Amino acid sequence: MEILKTLLLTAIIFIPLERILTLRTQKIFRRHWLNDIIYSVANGYVVGGTLAFSIVGVTFAANLWLPGLRSAVSFQPVWLQFIEIMFLADLGTYLAHRAMHAVPFLWRIHKIHHSVEDLDWLAGARFHPLDSLITKSASFVPVFVLGFSAGALGAFLLLYMWQSWLGHSNVSLRLGPGLRWLLASPEFHHWHHSKDLAARDKNFAGQLPFLDLVLGTAYMPAGERPKSFGIDDPMRQNYLSQLVMPFRPDDK
């Protein structure tokens with residue numbers, strides 16, 4: 001029930017926002033929106049439950065093996081912990097995300113996310129459960145192992161959740177030269193979904209675009225917008241077909 005409440009709250013916030021600050025003209029009920037609703041609900045239970053169970057396990061083990069380190073980390077100022085979490089977690093996201101594009105089997109899993117052809121807030125829900133588990137584990141597990149305080153973790157998790165919705169949203173939000181490489185915006189992440197050849201395999205960071213800038217994978221030309229989104233090869237647009245597609249090499 002909480003997952004449905006969160007989905008409803010997100011819709012109440014982002015649907016009007018996309019009407020007010022529209023980036024591209026498209027329908028609220030755009031192509032394959034129902035498929036992404038199913039992803040949002042199903043992944044909420046499957047990925048959320050599996051990840052929570054895994055984090056409890058690794059946190060318990062870390063309490064036994066790394067008590068001194070965890071204590072030292074948790075006694076830092078909360079603001080400093082938050083900055084450290086942001087960097088460590090997004091570095092994990094960056095590395096896992098880049099691997100998704102580089103390793104053929106992982107790309108078969110991840111290209112399901114890239115099959116979205118009309119980006120909006122709901123597009124952030126379309127992830128194969130294995131994709132979500134790998135990427136979120138790379139992001140969350142290290143910070144839980146290190147023992148950051150509940151306040152710093154809570155602030156990060158809240159930002160992480162809303163950043164995904166915002167990054168995919170059909171919202172015109174330009175941060176300007178001072179912030180565009182510091183905080184991820186729709187402008188930054190939309191290029192990652194672009195079919196433009198120059199934008200391929202770019203912008204892997206989730207929250208901190210400067211990671212791409214430092215690691216040579218940044219692409220966000222000022223004053224330009226992607227022309228189209230999606231993947232080159234057509235894919236069946238229903239949840240069950242996409243769920244099994246990575247394990248059937250001849251399937252699309």
Side-chain angles (χ1 to χ4, degrees), residues 1-24 28 30 33 36-37 39-45 47-49 51-52 55 78-79 81-94 96-97 113 116 118-127 129 131-133 135-141 143-144 148-176 179-193 203-212 220:
M1 186 61 68
E2 290 301 319
I3 292 171
L4 294 175
K5 288 180 181 178
T6 300
L7 182 61
L8 179 59
L9 175 62
T10 309
I12 290 172
I13 292 172
F14 276 99
I15 290 176
L17 190 62
E18 291 185 335
R19 298 299 101 186
I20 297 169
L21 300 175
T22 304
L23 181 61
R24 297 173 310 279
I28 294 176
R30 45 80 173 167
W33 67 272
D36 297 338
I37 291 287
Y39 269 105
S40 181
V41 176
N43 281 353
Y45 287 105
V47 176
L51 194 61
I55 287 173
V78 172
W79 65 266
Q81 292 184 59
F82 178 76
I83 293 173
E84 292 169 348
I85 293 172
M86 282 282 290
F87 177 76
L88 289 173
D90 211 39
L91 181 60
T93 295
Y94 176 94
H97 196 178
H113 178 60
V116 179
D118 302 294
L119 286 186
D120 62 6
W121 65 278
L122 189 55
R126 190 188 298 184
F127 281 99
D131 188 338
S132 284
L133 282 171
T135 304
K136 289 183 177 180
S137 293
S139 182
F140 293 171
V141 169
V143 298
F144 276 91
F148 290 98
S149 67
L153 283 169
F156 163 72
L157 291 173
L158 183 64
L159 175 65
Y160 184 98
M161 178 180 69
W162 288 103
Q163 182 65 35
S164 179
W165 299 114
L166 177 64
H168 294 88
S169 66
N170 186 27
V171 171
S172 179
L173 179 64
R174 294 182 182 271
L175 299 179
L179 291 176
R180 67 198 304 258
W181 293 110
L182 183 60
L183 297 172
S185 64
E187 178 188 9
F188 171 79
H189 193 65
H190 283 202
W191 278 112
H192 179 71
H193 282 265
N203 298 5
F204 295 112
Q207 281 84 37
L208 305 174
F210 71 80
L211 289 175
D212 284 281
M220 188 166 43

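One is the number of the first residue; the rest follow in order along the sequence. Note that the structure is predicted; figures quoted are calculated from it, not measured.
- Checked by atom type, the side-chain pair Arg126/His168 shows no donor-acceptor distance below 3.5 Å.
- Between His113 and Phe127, the ring-plane angle classifies as parallel under the 30° and 60° cut-offs.
- In this structure, Trp79 has no ring-ring contact (aromatic ring centres under 6.0 Å, His included) partners at least two apart in sequence or on a different chain.
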Which pairs of donor and acceptor atoms, one on a side chain in residues 158-167, lie under 3.5 Å apart (sequence neighbours left out)?
unit_1: Gln163; atom_1: NE2; unit_2: Ala184; atom_2: O; d: 2.7

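- The minimum heavy-atom distance linking Ala125 with Asn43 is given by the pair O-ND2, 3.9 Å.
- In terms of heavy atoms, Val78 sits closest to Ser149 at CG2-OG, 4.2 Å.
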Ignoring hydrogens and angles, write down the donor-acceptor pairs under 3.5 Å from the side chains of residues 13-23, residues two or more places apart or on other chains.
unit_1: Glu18; atom_1: OE2; unit_2: Trp121; atom_2: N; d: 2.9
unit_1: Glu18; atom_1: OE2; unit_2: Asn170; atom_2: N; d: 2.8
unit_1: Arg19; atom_1: NH2; unit_2: Gln26; atom_2: O; d: 3.3
unit_1: Thr22; atom_1: OG1; unit_2: Glu18; atom_2: O; d: 2.5
unit_1: Thr22; atom_1: OG1; unit_2: Arg19; atom_2: O; d: 3.2

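- Judged by distance alone, with hydrogens and angles left aside, the side-chain atoms of Thr10 form a donor-acceptor pair with the main-chain N or O of Thr6 at under 3.5 Å.
- Using a distance-only test at 3.5 Å, with no hydrogens or angles considered, a donor-acceptor pair links the side chain of Asp90 to the main chain of Gln207.
- Atom CD of residue Glu2 and atom CG of residue Leu4 lie 9.5 Å apart, to the nearest 0.5 angstrom.
- The shortest distance between side-chain heavy atoms of Phe156 and Leu88 does not fall below 4.5 Å.
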Quiz prompt | Intermediate values then yes/no, side chain to side chain contact (heavy atoms under 4.5 Å, CB included), Arg30 and Asp36 | solution = CA-CA 11 Å; Arg30 45 80 173 167; Asp36 297 338; 2.8 Å; yes
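- Rounding to the nearest 0.5 Å gives a distance of 7.0 Å between CG of Leu7 and CG of Leu122.
- In plain terms, the two heavy atoms of Glu187 and Leu173 that are nearest each other are CB-O, 4.4 Å.
- More than 12 heavy atoms of other residues, nucleotides or ligands lie within 6.0 Å of CZ in Phe210, so this atom counts as buried by the packing criterion.
- For Phe204, the ring-ring contact (aromatic ring centres under 6.0 Å, His included) partners are Tyr94, His97, His101, His192, not counting sequence neighbours.
- With sequence neighbours excluded, the residues forming a salt bridge (Lys or Arg N to Asp or Glu O under 4.0 Å) with Asp118 are Arg31, listed by chain and number.
- A heavy-atom distance below 4.5 Å is found between the side chains of Leu211 and Phe87.
- Side-chain atoms of Thr135 come within 3.5 Å of backbone N or O of Asp131 as a donor-acceptor pair.
- Residues Trp181 and Phe188 form a side-chain contact, since some pair of their non-hydrogen atoms from C-beta on lies under 4.5 Å apart.
- A search for side-chain contact (heavy atoms from CB on, under 4.5 Å) contacts involving Ile12 returns Leu8, not counting sequence neighbours.
- Contact detail for Asp212 and Ala205: the closest heavy-atom pair is OD2-N, 2.9 Å.
- For the pair Ser132/Tyr39, no side-chain contact is recorded, criterion being any heavy-atom separation below 4.5 Å from C-beta on.
- How far NE2 of His190 is from CE of Met220: 12.5 Å, rounded to the nearest 0.5 Å.
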